[in-house]
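Keep in mind the model is a prediction, meaning the values are calculated, not measured. Proteins get letters first, then strands, A, B, ... in listed order; numbering begins at 1 in each.
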Amino acid sequence: MSQNLLNKVWDLHTVGRLPSGQDQLFIGLHLIHEVTSPQAFQMIEERGLSVMYPERTIATVDHIVPTEDQARPFKDDLAEQMMKALEENTKNHGIRFYDLGTEHQGIVHVVGPELGATQPGMTIACGDSHTSTHGAFGAIAFGIGTSQIRDVLATQCLAIARPKVRRIQVNGQLPPGVFAKDIILRIIADLGVKGGIGYAYEYGGPAIDALSMEGRMTICNMSIEGGARVGYVNPDETTFEYIKGRTFAPKGDAFDRAVSWWREIASGPDAEYDDVYELDASTLDPMVTWGINPGQAISVRESMPTLDGMDPGAREVAASAYDHMGFEEGEPIEGTPIDVAFIGSCTNSRISDLREAARVVEGNKVQSGVRAFVVPGSKQVAQQAVKEGLPQIFEAAGFQWRGAGCSMCLAMNPDKLQGRELCASSSNRNFIGRQGSPTGRTLLMSPAMVAAAAVNGKVVDVRSLATA
Amino acid sequence: MVEQGAQVSTVSGRGIVVRGNDIDTDRIIPARYMKVVTFDGLGEFAFRDVRFDSAGNTLDHPFNDPQFADASVLFVNKNFGCGSSREHAPQALVRWGIRAVVGESFAEIFAGNCNALGVPTVTVSEEAIGQLMEQIEANPSAEVTIDLGTGTLTVNGTTFEAASNSAYRNALMSGEWDSTSVLRDNEPAIRKTASALPYVTDFAVHS
C-alpha cells in the first residue's frame, strides 16, 4: 500500500509535534481578505510580532466590495474602514495586495488559482471556510479562524490535527446538462452535512478526471458543506496544463522539476484510505436544494421529502426548513417560482460557469418580475467574459452584469435579498438569512440551472430547455 | 474573555439552552454584523436574527430571557457551528458571556475557534443532552460544573460523562490554547521545514 496525497503532504509540512498532541504544520500559502484579517493584524501588533513569511502571503478584497459602484470611498462607511485596514496592514507588513485597482482583484478562491499561486503539494490556509477550493490542485487547503490567522501571520504555522481521508470515487461520466455542482450536491445529500467531520475528502475516479480545473474547484469548494474541512483532487495533466504560464507558475526547467514533484505527491494507485464512498455520475440529474442546509438537496425531478421515516434529528431540521421555506412536504421542486437569480460566488463564478449560463440565456429573456444578475469571480474572469461577448448576452436577456466580488453569496455588501424573496443561486449556502434577509430563501443549483430558472421565472430542468 | 495563558481545567456557571441540529455560524452571527475591524461589541449580535425581528422587536429566545442573562455554559445539539469559519461566531458568544459549550457534536472549525479563545467544547450523549436541556430549562439558576480532567459535567448533584478532544483539552489545561508563542518558539524548526520544501527553494517564484 502506498500513501495518499494528504499523508505525504502532511508529513512534508510537519514541523513537529506540539505538547497538546497536535501537529505544528507549516503553511505554504496564506491567503487573506478584509473580513477576517484585521483583528489578527491587531493581535500580532499588540504582541510586538512581525509577519514571518510576508512573501508567502497574498491579499485581495472580496466580501465587502460593492459590485455596482466600486468608487472610493465606498458609500458604506463600515466597508470603507475594512478596506482601509487591509490597505494599511498589507502595506505595513510588506504583503502583496491585489487591490480593487489591480487586474487581479476578485474572490480570493478564484484569484489564488488564476495567479498560479495555488499549486499541488502545498498547504494553504485562509480565514474562509471555502479555502478547500484550492484542493482542486492537489493542495491541502482549509479554512481557519482569526486567531489562527494570527498564528499563520506570526509563525507561518498552525496547531492542527491530521484528518482521516475518505476517498470519494465518482465513476462513470456526467450526462449533458449535469455539472460538477450537481456531483457535490449529491455527495453532501448522501453523506450529510456532518458526514465529513474529521475527514479530508479525496475526490477521484473517471468523472472527476474528466472535469476541468474549474469543475474540480466547484467540488472541492463545497467540501466544508459536507463537514469536511479539506477536499482535494490528485494533480494530473489537466492541473499542470492549467498552472503553466500563470504569474506564479515556475518557469522553464523549474516547471518541469515542479511537475515531476507534483506527480510524486499524488496518491498512488494502491493508496490506503480510512473510508471509501462510491457514486455513479451517469445516474445524476441536476440537483436543487429545498431546505436550509446544502445537504437538503434533491434531483430537480424529485419531490421534497416527507418527514415520516426521517430519523428524529433530520426530521427536526427538515421541519424547520419547511417552516422557513414555506414549502409543503411531498411537493415537487420543479415549478417553484423564483424572485431573484444570482450567478456568482467562489463556487460558480468562473469563466466556464458563465459560459454555461450564457448558453442557456442566449436568445431568451429573464421572466418579468425576476431580478437577475451575474457577478464574475474576478477581474480576470470579467475580462475574459468581455472578450467572449458574454456580458452582452446576459444584458440583452435582462440580467445585470456586475463587478467582481462575493456579492449576494453572503450579503456583506449592497447585494441582498429583500423580505421573503426566493433566490435561485449558484452559491454554496442556503442557510437562513445567508443572503442578507432574515426571512429570505435560497435554492442552490448549478449556474445553468439558475439561468434556466431566470428565463422561466421558476425552477425548471435545464435539460428540458436544451431539447425544446 | 478568558485571559491569555490561563489554565482552563474547569468551567462553572449557569446554563442556557439553544435547541436544534446544524445551527450554522450565519445564524450565530449574520454576516452583515461582521463589518467591523474589531471583535469588541459583537456580543449584542449573537443570534441576532432569531432574537429580534426586522423592526427590532424582541422575540422569544433564551438569549433574551432575563432568567438566563448570567449564563455561561451553552447547551446545544448536533453539528453546532457548521458553515462559515468566522471566529466572529464564538467571539460573539464569548462576549455575550459564554465560557463553555456542551453539545452532541461540533463543526470542526468552530471547535478550533472556541479552543483558540480558551473556551472548551465538550460532547455528551444524545440521551444526556436531552436530560441536561430539560434540567437547565426547568432550573435556570442551577450551577453547572465541567471538569475537563475527569471528563465530567455535574448539575444538580448528577454527574454526566463529558468528553473533549484530547489536544484541545491538553492545550486548555496547560494554558497553551493561545498557540502563537508555542508555535513561534520553534522558529528554527519552521525555517528548516520550509527550506526542505521544493516549492519554497527549488522552483519558488515570487513575481
Side-chain angles (χ1 to χ4, degrees), chain A residues 12-13 15-16 18-22 24 26 28 35-36 38-39 55 64 78-79 81-82 85 119 121-122 127-129 143-148 150-151 154-157 159 161 193-194 197 227 229 247-250 254 257-258 261 293 313 316-317 410-412 429 431-434 436 438, chain B residues 20-22 24 26-27 30-32 34-39 49 53-54 77-79 82-88 90-91 105 107-109 112-113 116-117 165-168 170-171 174 176 178-180 182-184 186-187 189-190 192-194 196-200 202-207:
Chain A
L12 286 168
H13 291 79
V15 173
L18 296 168
S20 66
Q22 288 170 301
Q24 177 164 355
F26 182 80
V35 178
T36 56
Q39 300 90 342
E55 73 279 16
I64 52 124
L78 296 171
Q81 280 180 41
M82 297 180 84
Q119 293 174 14
M122 276 184 174
D128 190 287
S129 62
I144 57 177
T146 297
S147 294
Q148 291 171 312
R150 173 198 66 208
D151 288 352
T155 74
Q156 203 62 29
C157 290
V193 291
K194 41 190 170 286
I197 295 178
R229 193 175 189 176
T247 307
F248 287 90
R257 293 199 302 280
W261 185 67
N293 71 48
E316 177 263 329
V317 180
L410 89 170
M412 283 194 75
R429 287 187 175 136
F431 296 155
I432 295 172
R434 172 76 179 182
Chain B
N21 294 326
D22 304 324
D24 57 76
D26 276 84
R27 250 190 284 177
R32 60 189 191 282
M34 287 162 48
K35 280 194 276 181
V36 288
V37 293
T38 154
F39 291 126
D49 285 347
D53 69 14
S54 53
N77 293 107
K78 293 188 180 83
N79 198 29
C82 60
S84 160
S85 61
R86 60 189 68 166
E87 188 174 304
H88 304 66
Q91 288 276 2
S105 63
E108 215 166 304
I109 302 177
N113 285 342
L117 300 179
N165 172 296
S166 66
Y168 293 161
N170 294 340
S174 64
E176 286 174 348
D178 180 322
S179 37
T180 302
V182 66
L183 294 170
R184 190 130 180 149
N186 300 324
E187 183 168 352
I190 297 171
K192 193 172 164 222
T193 303
L197 292 166
Y199 67 79
V200 174
D202 182 26
F203 49 84
V205 176
H206 306 299
S207 71

Of all heavy-atom pairs between [X] and [Y], which one has the smallest distance, and what is that distance?
X	Y	answer
A:Leu410	B:Arg86	CD1-NH2, 4.4 Å
B:Ala167	A:Gln22	CB-CG, 3.3 Å
A:Gly143	B:Ile109	O-CD1, 3.8 Å
A:Ile197	B:Ala107	CD1-CA, 4.3 Å
B:Pro198	A:Trp261	CG-CE2, 3.3 Å
A:Pro38	B:Val36	CG-O, 4.4 Å

Taking every non-hydrogen pair under 4.5 Å, which of [options] racks up the most with chain A?
options	result
B:Arg27, B:Gln91, B:Lys192, B:Arg32	B:Arg32
B:Gly112, B:Ala171, B:Ala194	B:Ala194
B:Asp49, B:Asp53, B:Asn79	B:Asn79
B:Ala189, B:Ser166, B:Ser105, B:Ser179	B:Ser179
B:Lys35, B:Glu187, B:Glu176	B:Lys35

Flag side-chain contact, heavy atom, 4.5 Å: [X] against [Y]:
X	Y	result
A:Leu12	B:Leu197	yes
A:Arg257	B:Asp202	yes
A:Leu18	B:Leu183	yes
B:Asn21	A:Glu316	yes

Which residues share a side chain to side chain contact (heavy atoms under 4.5 Å, CB included) with B:Ala116, sequence neighbours left out:
A:Ser147
Does B:Thr180 offer a backbone N or O that forms a donor-acceptor pair with the side chain of A:Asp151 under 3.5 Å?
yes
Heavy-atom donor-acceptor pair, B:Ser85 side chain to A:Ser129 backbone, under 3.5 Å
yes
Restricting to side chain to side chain donor-acceptor pair (under 3.5 Å), what partner residues turn up for A:Gln24, sequence neighbours left out?
B:Asn186
Could you go through B:His88 and A:Thr36, starting from their C-alpha distance and side-chain angles, then the distance that decides it, and tell me whether this counts as side-chain contact (heavy atoms from CB on, under 4.5 Å)?
CA-CA 8 Å; B:His88 304 66; A:Thr36 56; 4.2 Å; yes
So does B:Asp178 pair up with A:Arg150, basic N to acidic O under 4.0 Å?
yes
The single option from B:Thr193, B:Val182, B:Ile190 passing side chain to side chain contact (heavy atoms under 4.5 Å, CB included) against A:Cys157:
B:Ile190
Does any backbone or side-chain atom of A:Phe26 lie under 4.5 Å from a heavy atom of chain B? Answer side chain, backbone, both or neither.
side chain
Contacting moiety of A:Ala161, where chain B heavy atoms sit under 4.5 Å
neither
Rounded distance [0.5 Å steps], OH in B:Tyr199 versus CD in A:Gln119
9.0 Å
Is [X] close to chain A through its backbone or its side chain, or both, or neither, when contacts mean heavy atoms under 4.5 Å?
X	answer
B:Asn113	side chain
B:Ser174	neither
B:Ser84	both

Between B:Arg184 and A:Thr155, does any side-chain donor sit less than 3.5 Å from a side-chain acceptor?
no
Taking every heavy-atom pair that is under 4.5 Å apart, which of A:Val317, A:Thr146, A:Asn293 has the most such pairs with chain B?
A:Thr146
